[in-house]
Amino acid sequence: SQTIHQWPATLVQPVGSPLSLECTVEGTSNPNLYWYRQAAGRGLQLLFYSVGIGQISSEVPQNLSASRPQDRQFILSSKKLLLSDSGFYLCAWSATGTAGNTIYFGEGSWLTVV
Amino acid sequence: RKEVEQDPGPFNVPEGATVAFNCTYSNSASQSFFWYRQDCRKEPKLLMSVYSSGNEDGRFTAQLNRASQYISLLIRDSKLSDSATYLCVVNIASGGFKTIFGAGTRLFVKA
């Protein structure tokens, strides 16, 4: 069966510090991968998605970036965090090929920028 | 207008009650539909897909009305453990597929 893991689960970072969140998927090949953010009491915002290694699409311009160095690895980064970057970050995957596939989420990473 | 709209609630219901959530979507190119459940400070998890003919999974019934661009989720015999936020999700065919999440409806089931 397929599993998805992301880490760290929680982190507190000062403004201006870098960020790296990692996500891996097991049990499937060539998945579509996503990074979402959920601010407190708000809906999910798609940040990035990837349909293959090195292929990243950005949905929202901001100081975050994403990379996909391996087929089942997705990384969210920032060089300098802002207070507004605080939130719940979720990595997710869906199967490639068939349109409208279900999205499955990792456990999430709580980021507090202070 | 938001692409997917839900009543944010919260809905406060006693155990055993029947509760219904509604969701409307604006894009007629929407092709597949889901309900997710999200517990406090946890990731969303798939509750059920929504099919045109309507579908049921135990105490949960989902319905789709394409003409009105409307999706519903009915929970019968509510349990304390049903307390969560329920997210309406729509996949839109638009040069590929785009998944849109509603902001969610909060449900509190009380003893």
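Each chain gets a letter, A, B and so on, in the order its sequence line appears, and its residues count up from 1. Given the structure is predicted, the values throughout are model-derived calculations rather than measurements. Both backbone and side-chain heavy atoms feed into the values below; hydrogens, waters and symmetry mates do not.
- Contacts of B:Leu87 with chain A are made by side-chain atoms alone, with heavy-atom separations under 4.5 Å and no backbone atom involved.
- Looking at B:Gln38, only its side chain comes within 4.5 Å of chain A, counting heavy atoms on both sides.
- Proximity to chain A (any heavy atom under 4.5 Å) is restricted, for B:Tyr36, to the side chain, taken from C-beta onward.
- Proximity to chain B (any heavy atom under 4.5 Å) is shown, for A:Ile103, by both the backbone and the side chain.
- The pair B:Glu56-B:Arg76 meets the salt-bridge criterion, since a charged nitrogen lies less than 4.0 angstrom from a carboxylate oxygen.
- Between A:Phe48 and A:Phe74, a ring centre-to-centre spacing not shorter than 6.0 Å is recorded.
- The aromatic ring centroids of A:Tyr36 and B:Phe101 lie less than 6.0 Å from each other.
- Residue A:Tyr34 does not touch chain B at all, counting heavy-atom pairs closer than 4.5 Å.
- With sequence neighbours excluded, the residues forming a side chain to side chain contact (heavy atoms under 4.5 Å, CB included) with B:Ala67 are B:Asn65, listed by chain and number.
- Salt bridge annotation for B:Arg41-B:Asp39: absent, with no cationic side-chain nitrogen under 4.0 angstrom from a carboxylate oxygen.
- The pair A:Arg72-A:Glu26 meets the salt-bridge criterion, with a side-chain N (NZ, NE, NH1 or NH2) lying under 4.0 Å from an Asp/Glu carboxylate O.
- Side-chain contact between A:Ile53 and A:Gln55: absent, with no pair of heavy atoms (C-beta onward) separated by less than 4.5 Å.
- For chain B, the nearby part of A:Gln38 is the side chain; its heavy atoms alone come within less than 4.5 Å.
- Pairs of residues two or more places apart, or lying in two chains, never qualify as disulfide bond (SG atoms under 2.5 Å apart) while including a residue from residues 28-57 of chain B.
- Applying the side chain to side chain contact (heavy atoms under 4.5 Å, CB included) rule to B:Ser72 yields the partners B:Asn22, B:Gln63, B:Tyr70; only residues at least two apart in sequence or on another chain are considered.
- Within residues 105-114 of chain A, the residues that have a heavy atom under 4.5 Å from a heavy atom of chain B are A:Phe105, A:Gly106, A:Glu107, A:Trp110, listed by number.
- Ranked by non-hydrogen atom pairs under 4.5 Å with chain A, the options B:Pro8, B:Pro44, B:Ser49, B:Gly104 are led by B:Pro44.
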